[in-house]
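First up is the structure itself, then whatever we jot down about it.
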2 protein chains.
Amino acid sequence: MDTEDFIGNVFDADCPSRVLFARIGDKWATLVIEVLADGPLRFSELRKRVKVVTPKVLTHTLRSLERDGLLNRTVYPQVPSRVDYELTPLGQTLLPPLTALRQWAENNVSTMLRARDEYDEEQDAVTLGL
Amino acid sequence: MDTEDFIGNVFDADCPSRVLFARIGDKWATLVIEVLADGPLRFSELRKRVKVVTPKVLTHTLRSLERDGLLNRTVYPQVPSRVDYELTPLGQTLLPPLTALRQWAENNVSTMLRARDEYDEEQDAVTLGL
DNA sequence: CGGTATCCGGTTGGATACTG
DNA sequence: CAGTATCCAACCGGATACCG
């Protein structure tokens with residue numbers, strides 16, 4: 001047979017994990033989701049709470065999250081215009097795993113950054129010591 | 001006072017969440033971590049299990065994870081050469097939250113992709129119907 | 001208020017070939 | 001076996017200005 005041998009846990013190019021990480025892997029998506037955890041916000045509020053994102057990039061982030069069914073965009077036809085963004089039920093189910101990650105970050109990122117500094121110092125030492 | 005007013009949950013530019021998402025947000029990092037969950041693997045094994053990553057990119061991913069103290073790189077001076085990669089204790093603490101995300105993905109990514117298709121169809125309809 | 005339009009630089013990641 | 005070297009296209013995200 002010309003199919004590949006089984007080699008344990010393989011992550012295919014289109015496996016769910018890859019899709020999800022491509023989705024939440026951009027710079028702003030998870031911040032937006034977490035900021036919306038407590039309820040709907042309008043565009044200008046989002047801009048204030050997710051700093052410091054330009055309107056173009058925030059718009060793109062919101063549109064792509066809407067496209068994926070993670071949030072709803074509601075336009076109130078009034079003057080001045082008002083647009084609310086809120087998590088969908090699907091989007092809300094993402095909150096617990098994201099919260100777990102945020103807690104890991106709060107507990108461990110400082111350690112990670114220290115390791116990073118040490119690594120860089122070693123590299124510098126090696127380079128200089130040649 | 002010229003400090004900004006408090007406006008609720010703000011994610012600063014250098015908050016732990018942002019650092020973590022910048023860290024795990026690249027295309028391969030989380031896959032590598034999960035593949036290493038069951039124990040150390042050598043370079044060629046990683047290449048087989050994390051498809052389809054080129055050696056240059058895999059090397060870069062591994063180096064940056066090593067830099068952040070999430071995995072160790074061990075060189076066995078023998079012929080042919082052998083290099084093992086394994087999670088550090090810190091790296092292992094990242095597994096539970098990543099597993100939670102993977103499970104979310106397995107349960108919900110199909111829904112997400114369906115929403116995506118529907119959104120695109122609507123957009124097409126709007127564009128064509130102008 | 002809630003966006004768009006345009007331009008642009010940096011980074012990411014892939015193709016390919018080569019090396020100790 | 002475990003990488004490096006080189007080149008390169010695409011995409012991401014930021015700056016700035018403008019619009020309904």
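In what follows, every chain begins at residue 1, and chains take the letters A, B, ... in the order their sequences are listed.
Atom CZ of A:R67 and atom CZ of A:R23 lie 8.5 Å apart (nearest 0.5 Å). Within the model, atoms CG of A:L113 and CG of A:N108 stand 11.0 Å from one another, a figure rounded to the nearest 0.5 Å.
When the side chains of ILVMFWY residues are joined at heavy-atom separations under 4.5 Å, either directly or via intervening members, B:V75 and B:L36 end up in a single hydrophobic cluster. A single hydrophobic cluster is not seen to contain both B:Y119 and A:L94; linkage of ILVMFWY side chains at heavy-atom distances under 4.5 Å, directly or through other members, places them apart.
The pair A:E106-A:R102 meets the salt-bridge criterion, with a side-chain N (NZ, NE, NH1 or NH2) lying under 4.0 Å from an Asp/Glu carboxylate O.
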Given the rule in the side-chain contact (heavy atoms from CB on, under 4.5 Å) test, do A:K56 and A:H60 qualify, once you have shown the distances and angles that lead to the verdict?
CA-CA 6 Å; A:K56 190 197 79 168; A:H60 175 254; 5.9 Å; no

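With rounding to whole Å, B:K27 atom NZ is found 11 Å from D:dC11 atom P. Counting to the nearest Å, the P atom of D:dA15 and the CG atom of A:L58 are 14 Å from each other. Atom CG in B:D26 sits about 18 Å away from atom P in D:dC11, given to the nearest Å.
Taking every nucleotide of DNA chain C with any atom under 4.0 Å from a non-hydrogen atom of chain A, the first and last of them, 5' to 3', are C:dC1 to C:dC7.
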Nucleotide N/O to protein N/O under 3.5 Å, stretch nucleotides 1-8 of chain D:
from	atom 1	to	atom 2	distance (Å)
D:dC1	O3'	B:R42	NH2	3.2
D:dC1	O3'	B:S81	O	3.0
D:dC1	O2	B:S81	OG	3.4
D:dA2	OP1	B:R42	NE	2.9
D:dA2	OP1	B:R42	NH2	3.2
D:dA2	OP1	B:V83	N	3.2
D:dA2	OP2	B:S44	N	3.1
D:dA2	OP2	B:S44	OG	2.8
D:dG3	OP1	B:R73	NE	3.4
D:dG3	OP1	B:R73	NH2	2.6
D:dG3	OP2	B:Y85	OH	2.7
D:dT4	OP1	B:R63	NH2	2.8

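Checked options A:R47, A:K48, A:R42; the residue passing with A:E45 is A:K48 (criterion: side chain to side chain donor-acceptor pair (under 3.5 Å)). If you run side chain to side chain contact (heavy atoms under 4.5 Å, CB included) between B:W28 and each of B:V53, B:L65, B:L62, only B:V53 comes through.
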